[in-house]
Number of protein chains: 2
Amino acid sequence: MRWEELDREPCSLARSLSIVGDRWTLLVLRECFLRVRRFEEFEQRLGIARHVLADRLKKLTDAGVLVKVPYQERPRREEYRLTEKGLDLYPVMLSLLDWGDKWMSGEEGPPVLRRHKACGKIARAVQVCSECGEPMGARDMTVELGPGAEGRELPPAAKAEGK
Amino acid sequence: MRWEELDREPCSLARSLSIVGDRWTLLVLRECFLRVRRFEEFEQRLGIARHVLADRLKKLTDAGVLVKVPYQERPRREEYRLTEKGLDLYPVMLSLLDWGDKWMSGEEGPPVLRRHKACGKIARAVQVCSECGEPMGARDMTVELGPGAEGRELPPAAKAEGK
DNA sequence: GAAAGTAAGTTCCCTTTCGGAACTGTTAGG
DNA sequence: CCTAACAGTTCCGAAAGGGAACTTACTTTC
């Protein structure tokens with residue numbers, strides 16, 4: 001399978017990955033969430049090759065995750081900001097951050113802490129059900145085909161569990 | 001920056017991405033969560049080049065995300081299973097799935113639905129604070145350097161907000 | 001007993017992508 | 001006029017990926 005076909009797969013994970021599933025995109029977005037907005041600042045903070053950065057910013061803009069906003073004329077200069085679609089990726093960032101904190105930090109502990117404004121405490125994210133509020137773990141769920149399934153097949157073991 | 005240096009960056013996102021941040025790894029893990037376990041079944045369901053699949057399975061096994069478990073002797077055959085560390089990636093899968101369902105499904109709706117065993121309903125995940133149980137959105141949080149920060153710098157705009 | 005099948009890789013070749021550095025275009029300031 | 005700032009673009013050699021054939025170690029079928 002080639003990469004350009006990924007956004008047409010009948011799978012929301014594949015479609016999400018067609019946008020954020022490469023080596024650099026989520027690191028660019030990390031900087032966006034930290035309020036970095038300009039080309040040079042992305043480049044300096046990330047150490048990314050400039051043409052790769054230009055390509056990623058263009059793809060994210062085309063996908064509606066970022067918008068280019070002019071911040072001066074003559075010479076015209078534009079900065080990149082998260083759209084609502086981009087801000088909606090925060091749960092993805094947060095779950096990757098929490099996993100990294102738990103499994104990839106050494107003795108020293110996590111490099112960056114996140115404080116919840118509402119309660120003032122350093123916090124992790126817990127995923128709960130949108131319907132009942134109870135926790136949602138890997139084995140608390142079953143899967144079934146939805147309306148947009150068109151040709152998608154679940155493997156036998158996953159189907160058996162849905163019964 | 002080269003890819004092999006990513007796991008030593010003082011950033012939990014970068015460290016997580018050093019394991020799951022490439023084009024194929026999360027799709028392999030999707031199949032794992034659907035209880036696919038054998039080389040040939042991964043290959044057939046994903047349409048991935050065999051040597052790329054072999055490489056990803058090895059890296060995931062080396063990282064402790066999957067384990068190889070023998071399921072027959074003569075000839076010895078092994079299958080791949082999620083470890084606790086691997087199962088802990090479920091929030092990452094779920095947040096990407098929910099984002100794809102919301103932003104990348106067409107008219108038809110999402111291709112696959114997830115049903116919460118506890119309440120029996122089709123459900124999304126909501127991220128709430130581990131400390132107070134209130135929702136955690138992108139702008140509900142501030143960041144600060146943690147014990148493992150060693151040289152990590154936050155951008156001026158993010159620091160200003162922490163004050 | 002030879003031929004074919006099965007599962008899990010490995011090897012090869014060719015194309016695409018990436019890292020790193022240099023170059024371009026536009027405008028401001030000295 | 002010369003230099004600097006910012007946002008790219010171009011070029012080259014190296015690395016990674018797609019696709020198909022080959023390998024190994026057995027079992028099953030003819």
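Any value given below was found using the heavy atoms of this structure, including those in side chains, with hydrogens, waters and symmetry copies removed. Below, chains carry the letters A, B, ... as their sequence lines are ordered, and counting in each starts from 1.
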Sugar-phosphate or base contact per nucleotide [nucleotides 12-25 of chain D; S, B, -; heavy atom under 4.0 Å]: ----SSBB-B---B
What's Glu43(A) touching, base or sugar-phosphate or nothing? Going by heavy atoms closer than 4.0 Å.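 If one applies the 4.0 Å heavy-atom cut-off, Glu43(A) turns out to touch nothing in the nucleic acid.
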Please work out if Tyr71(B) contacts a base, only the sugar-phosphate, or nothing of the nucleic acid, heavy-atom cut-off 4.0 Å. sugar-phosphate
Charged N-O contact under 4.0 Å between Glu131(A) and Lys121(B): no
I'd like to know if Asp62(A) and Lys58(A) make a salt bridge, using a cut-off of under 4.0 Å between side-chain N and carboxylate O. yes
Take a 6.0 Å sphere around [atom1] of [X] and say whether it holds more than 12 heavy atoms from other residues, nucleotides or ligands.
X         : atom1 : answer
Arg115(B) : CZ    : yes
Arg139(B) : CZ    : yes
Arg124(A) : CZ    : no
Glu108(A) : CD    : yes

How many Å lie between [atom1] on [X] and [atom2] on [N], as a whole number?
X        : N       : atom1 : atom2 : result
Lys68(B) : dA8(C)  : NZ    : P     : 10 Å
Leu53(A) : dA7(D)  : CG    : P     : 10 Å
Leu57(B) : dG9(C)  : CG    : P     : 7 Å
Leu66(B) : dA8(C)  : CG    : P     : 14 Å
Leu6(B)  : dG19(C) : CG    : P     : 11 Å
Glu73(A) : dA28(C) : CD    : P     : 11 Å
Leu46(A) : dC18(C) : CG    : P     : 15 Å
Gln44(B) : dA8(C)  : CD    : C1'   : 12 Å

Determine the minimum heavy-atom distance between Val92(B) and Ser95(A), stating which atoms define it. CA-OG, 3.5 Å
Taking only side-chain nitrogens and oxygens of Tyr80(B), does any of them come within less than 4.0 Å of OP1 or OP2 of dA7(C)?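 Negative; the distance criterion is not met.
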Do the side-chain N or O atoms of Lys58(B) get closer than 4.0 angstrom to the phosphate oxygens (OP1, OP2) of dA8(C)?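 Looking at the OP1 and OP2 atoms of dA8(C), neither is under 4.0 Å from any side-chain N or O of Lys58(B).
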Trace of the salt bridge (Lys or Arg N to Asp or Glu O under 4.0 Å) decision for Asp55(A) with Lys59(A): CA-CA 6 Å; Asp55(A) 178 75; Lys59(A) 281 181 178 153; 3.1 Å; yes
Under 4.0 Å from any atom of DNA chain C, heavy atoms only: list the residues of residues 32-40 of chain A that qualify, in numerical order.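 Hits under 4.0 Å, by residue number: none.
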Once salt bridge (charged side-chain N to carboxylate O under 4.0 Å, His left out) is applied, what residue pairs with a partner in residues 37-48 of chain B remain, sequence neighbours excluded?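 Output for this query lists Glu31(B)-Arg45(B), Arg38(B)-Glu79(B), Glu40(B)-Arg50(B), Glu43(B)-Arg50(B).
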